[in-house]
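Below is one structure, written out as structure tokens; the observations come after it.
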Amino acid sequence: MLLTVVILLPVLVAGVLLAVPRLPGRVASWTWVGTSAVDLALIGWMWWGYSRGSGTGAASGNGLVLAYDAKVRWIPTVDASYYVGVDGLSLPLIALTGVLFLAAAIYSLREPHRPRRYAALFLFLQTASLGTFAALDLILFFVFFDLSIVGMFFIIAGWGHGNRRRSALKFFLYTFLGSLALLVGIIGLFVGGEQRTFDMVALAADPPLTDSPVMGALVLLAIGLGFAVKTPLFPFHTWLPDAHTDAPAAGSAILAGVLLKLGTYGFARIAMPILPDAWQRWAMVVVVVGVISVVWGALVALAQTDVKRMVAYTSVNHMGLVMLGLGVAGMTAQADEQARTIATVGAVVQMVSHGLLTGALFLLTGVLWARGGTYDFHRWGGLARPAPVFAAAFGVAAFGSLGLPSLSAFIAEFQIFTGALQAAPVATVIAVAGIVITAALFLVAMQRLLGGDTVVPDADPRLPGADVGAPTPAAAHDRGPAHDHGPAHAHGPAAAHGHDHGHAVDVDEDRVRSAAVVTQSGDAAAPAPAPGPDRAPSSVGDLDRREVLAIVPLLVLSVLIGLFPRPLLDVVEQGAVTVVELVSR
Amino acid sequence: MEGMTGDPLDLLPELLLLLGAVGGLLLGLWTPQRRQARVRGLVVLAALASAAVAAVDLVGPDTSVYGGTWVLDTTTGVVRITVALATAAAVLLSATSLSGHPRETEAYVLMALGALGSVALAASGDLLMLVAAYLLASVPLYALAGFAKDVRGVEATLKYYLMGALVGALMLVGIAALVLAAGASGYPELTAALPRAPMPLVAVGVIGVLAGVGFKAGAVPVHFWVPDAIAGTTPSVAAFISTVPKLGAVAAASRLLAEPFSGIPLDVPLVVAIIAAASMTLGNLAAFRQTEVLRLLAYSTISQVGYLYMIVAVAARSDLAGPALAIYLAGYAVTNLGAFSAAAALPHATTLTDWAAAARGRPWLVLSLVVVLLGLVGTPPTAVFLGKVAVFSATADGGLGWLVVLAAINTVASLFYYLRWIAPAARGEPTTAAGQPATATRPAAVAHAPAVTLHAAAAGSLLLGVGAGVWLAVVTS
């Protein structure tokens with residue numbers, strides 16, 4: 001019951017937000033913050049109960065220890081039901097979801113652009129994400145999985161910037177294709193099983209298709225394709241950078257922090273326990289794909305000149321590490337159980353850690369966009385002096401992402417490599433090389449953004465009081481490759497566009513985009529920093545209170561996990577041990 | 001078998017529809033033209049009563065009456081309910097466009113008769129009954145298709161009629177062949193006799209009969225009438241033509257596959273599977289390039305028939321086929337009516353961009369459109385999603401895995417053209433090249449009745465998705 005409340009509370013509030021007409025935007029935004037805070041508090045309560053073993057603690061089936069489970073029959077003829085519950089695998093991700101959505105809510109407190117619908121969409125998305133993590137029925141899982149795609153599509157299409165429509169469509173089509181492959185796989189599991197059910201617990205207790213390796217492999221292929229697109233793994237990752245670059249900052253943080261985890265979580269929750277034979281047989285392929293993603297993501301990220309695209313590609317890199325850990329879990333012949341458990345624990349911790357750190361990084365890039373309307377490395381520099389808090393936060397997040405000890409990613413990556421070394425030494429060595437590249441690129445990024453002379457984009461068109469929609473003076477445009485399509489150019493068609501939203505310049509990218517580098521400084525979406533009369537015209541405001549409140553807790557959590565990992569590991573290990581047992585059958 | 005007699009009350013749902021038709025005609029004769037809304041009320045009431053009685057009848061055991069010509073089982077019950085409710089919705093939907101029309105009464109009467117024909121198709125347990133049902137479901141629709149009496153309508157009607165006559169003749173040849181082969185026309189006798197009958201005769205018979213029901217369903221390769229007939233009429237009539245006959249025809253096809261064609265040595269399920277594959281693929285491919293709302297929906301219905309025919313293909317092979325048919329028919333009826341209601345709500349917007357422009361500033365209309373169109377794609381938690389899950393499961397269970405994969409690919413492909421409608425509408429921006437706000441072209445107002453139907457259909461699609469278990473419990477009790 002408690003879990004159902006946690007899942008459905010956001011969408012109920014979203015319905016209320018939509019139904020109340022003429023609700024002031026600020027009220028809507030604060031309602032969102034309040035709802036997410038309450039939801040997070042309930043999740044915290046659940047965690048507390050779970051760690052004391054006082055959930056309902058129903059040990060069911062073959063070792064799956066479930067808490068807070070609830071089951072209501074939905075479609076009896078095919079034995080689909082509303083069946084939710086948490087275990088050591090899903091609880092950390094549910095908590096991560098709660099934290100990130102609260103951060104996104106705080107960050108979006110001053111969203112000027114249709115804040116009511118924005119809040120409602122995010123709340124809807126929160127329900128979809130929580131539901132996916134909690135679902136124990138394949139159809140229910142798929143329902144929430146697909147709804148998350150729909151929600152994110154509208155967030156990117158409605159509140160993104162740059163070439164947002166194209167990116168949103170690309171995101172939708174790629175992930176929808178993946179989800180249909182997943183549906184085919186789910187039906188394969190249903191038809192292949194003796195018991196004709198969509199119940200994950202029952203299917204895991206008595207895995208289907210054990211006696212037909214070909215069908216098992218095909219079903220795993222379908223499911224794997226679905227999750228690989230979502231995760232995303234090389235070569236299905238091409239939707240990711242576009243979607244991230246053009247999404248609003250809060251949307252990017254959720255997309256990277258929560259939605260990508262739906263893919264890796266799906267592998268651990270569905271593919272591994274229900275298709276143990278096939279997973280063992282094809283574990284090496286999973287490892288190889290994971291390692292390719294690690295290296296490919298790192299190399300491509302290194303080549304980016306756009307901060308946000310760089311962060312997006314590092315997600316491919318980090319998700320590849322998760323897959324390395326999960327793949328190793330299936331290599332029963334090559335590694336002992338302890339090593340496989342360590343790798344799995346590492347993979348789950350990596351999901352949580354990546355959610356926190358990358359969420360923070362995307363919110364920080366959002367800060368850059370709000371200040372200067374660009375993510376281009378060449379147009380920012382030396383921010384440590386004018387914006388020390390920003391610099392500190394960015395530094396912590398970057399060092400965390402590159403795996404510095406005492407932050408959460410180190411705990412995760414260390415465990416993945418320790419567990420994987422025995423089973424797949426070559427792959428592990430290559431993956432470590434990928435980590436080195438990531439370290440290099442984060443150091444370069446910090447050097448460019450934070451060190452050196454202070455460089456900021458020219459006059460911010462969205463300073464408070466600036467006449468929005470008016471062409472920005474194209475003065476002093478002597479820096480960087482963005483020269484040819486600076487703000488003035490970008491604003492021309494937008495001004496003629498006759499836009500009806502009172503506040504914003506909605507650059508129609510289709511008309512002005514002529515280079516791969518996103519350089520327009522005209523789009524709206526984010527609020528300007530607090531107006532300081534003493535602010536120099538070309539300086540950049542440091543993080544304001546709202547941004548600090550949204551970003552810093554994520555980093556604090558990452559440090560806490562890095563320093564005191566035990567509470568998290570206790571929970572994760574329970575889940576990981578079960579998964580490793582189930583996959584070793 | 002219950003013998004040659006039957007209790008007339010067994011046919012009460014059909015009698016109520018007939019009463020609606022005949023009573024409506026008589027009432028219309030004595031009603032001034034301005035007040036013909038009362039005919040509408042009568043037909044809607046008759047349809048609702050028919051649905052209610054049909055729901056009550058579901059409780060009874062499966063039987064057949066009147067010498068086995070009329071089957072009363074779950075499939076018939078589902079079609080009775082969905083057809084009656086869809087007819088009521090279509091009549092209400094027409095309120096705006098037909099109100100005050102010189103032949104308003106006739107339209108409603110024709111709809112009621114067409115609905116009766118559709119139910120008869122589903123309930124037929126005898127090939128001769130099937131012919132009668134085919135004619136009853138066709139002739140009123142020819143008249144409806146050309147109701148506007150304009151150039152496009154007349155052309156569409158002619159095409160529809162000629163095609164119907166041709167396929168009708170084919171069907172009669174097929175039925176003659178089957179009767180010749182088996183010496184009987186009732187399904188139980190056919191089921192027993194056809195496996196031992198001469199193969200060529202049976203093959204001719206199967207092809208002829210499948211062509212007949214395929215024509216009513218609008219399946220490839222006898223689908224050519226669909227786009228013209230739908231684009232040639234008003235959206236509300238198109239909603240009826242594209243929904244109601246299909247329900248009966250698909251049920252009839254699945255009954256044929258499950259009973260008379262189940263034991264014959266030909267691989268009839270494979271033929272039907274190929275028809276399904278061709279329908280969904282060709283319908284999708286043709287829909288990509290459409291810019292008119294109604295033509296887009298017309299091709300979308302062809303592809304939907306493809307998914308429905310997946311159930312037909314495995315009707316004899318999988319226990320899951322029955323529930324799948326019950327869910328998908330209901331989901332399709334609700335969602336498709338909703339999509340046509342969206343078209344009817346803005347009657348002056350014939351193209352996708354016009355529709356988007358006309359829907360500016362009407363967020364609820366757009367929201368319902370999004371729900372309905374994503375429903376047609378099969379996005380959870382709408383009714384068609386659960387229908388698709390059920391259909392895919394049944395098909396995989398019936399051993400046609402390739403068809404499931406193809407259907408999944410087609411589902412993704414269908415997203416492209418539904419998004420071509422959703423995207424400009426959801427953006428709420430003019431998409432004219434000049435970038436001018438299209439206020440000048442905005443029609444006077446939203447047609448009220450279709451807007452209500454659209455919202456109801458969107459809500460119904462979601463409710464049916466969440467409450468699919470309840471619906472199945474009702475119909476399979």
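First the proteins, then the strands, lettered A, B, ... as listed; each starts at 1.
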How many angstroms lie between [atom1] in [X] and [atom2] in [Y], if you round to the nearest 0.5 Å?
X	Y	atom1	atom2	value
L419(B)	F176(A)	CG	CZ	9.0 Å
F172(A)	L415(B)	CZ	CG	4.5 Å
L180(A)	K388(B)	CG	NZ	7.5 Å

Select, from V466(B), V470(B), T395(B), the one with the greatest count of heavy-atom pairs under 4.5 Å involving chain A.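 That would be V466(B).
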Between V405(B), L386(B), V404(B), which shows the greatest number of heavy-atom pairs under 4.5 Å with chain A?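 Answer, by heavy-atom pair count under 4.5 Å with chain A: L386(B).
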Any idea which heavy atoms bring S393(B) and V191(A) closest together, and the distance?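 Closest heavy-atom pair between S393(B) and V191(A): O-CG2, 3.7 Å.
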If every non-hydrogen atom of W364(B) is compared with every non-hydrogen atom of L18(A), which pair is closest and at what distance?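 Where W364(B) meets L18(A) most closely, the heavy atoms are CZ2-O, 4.0 Å.
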Between [X] and chain B, with a heavy-atom cut-off of 4.5 Å, which part of the residue counts as in contact: side chain, backbone, both or neither?
X	answer
L169(A)	side chain
L177(A)	both
F144(A)	neither
R196(A)	side chain
F153(A)	side chain

Can you confirm whether [X] sits close enough to [Y] that some side-chain heavy atom of one is under 4.5 Å from a side-chain heavy atom of the other?
X	Y	value
V412(B)	Y174(A)	no
F385(B)	D146(A)	no
T379(B)	V150(A)	yes
W471(B)	I75(A)	no
L320(B)	F190(A)	yes
V389(B)	F198(A)	yes

Determine the option with the most heavy-atom pairs under 4.5 angstrom with chain B, choosing from V184(A), L173(A), I149(A).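 Counting heavy-atom pairs under 4.5 Å, the top option is L173(A).
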Has W74(A) got a side-chain atom pairing as donor or acceptor with G469(B)'s backbone, closer than 3.5 angstrom?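 Answer holds: no.
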Give a yes or no on whether D62(B) atom CG has more than 12 heavy-atom contacts from other residues, nucleotides or ligands under 6.0 Å away.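 Buried by this count: over 12 neighbours within 6.0 Å.
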Atom CZ of residue position F288(B) - does it have more than 12 heavy atoms of other residues, nucleotides or ligands inside 6.0 Å?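 Counting neighbours around CZ of F288(B), more than 12 heavy atoms of other residues, nucleotides or ligands fall under 6.0 Å, so yes.
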Per-residue contact mode, L367(B) against chain A (heavy atom under 4.5 angstrom):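 Contact with chain A involves no heavy atom of L367(B) at all.
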What part of I409(B) lies closer than 4.5 angstrom to a heavy atom of chain A: side chain, backbone, both or neither?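 Neither part; nothing is under 4.5 Å.
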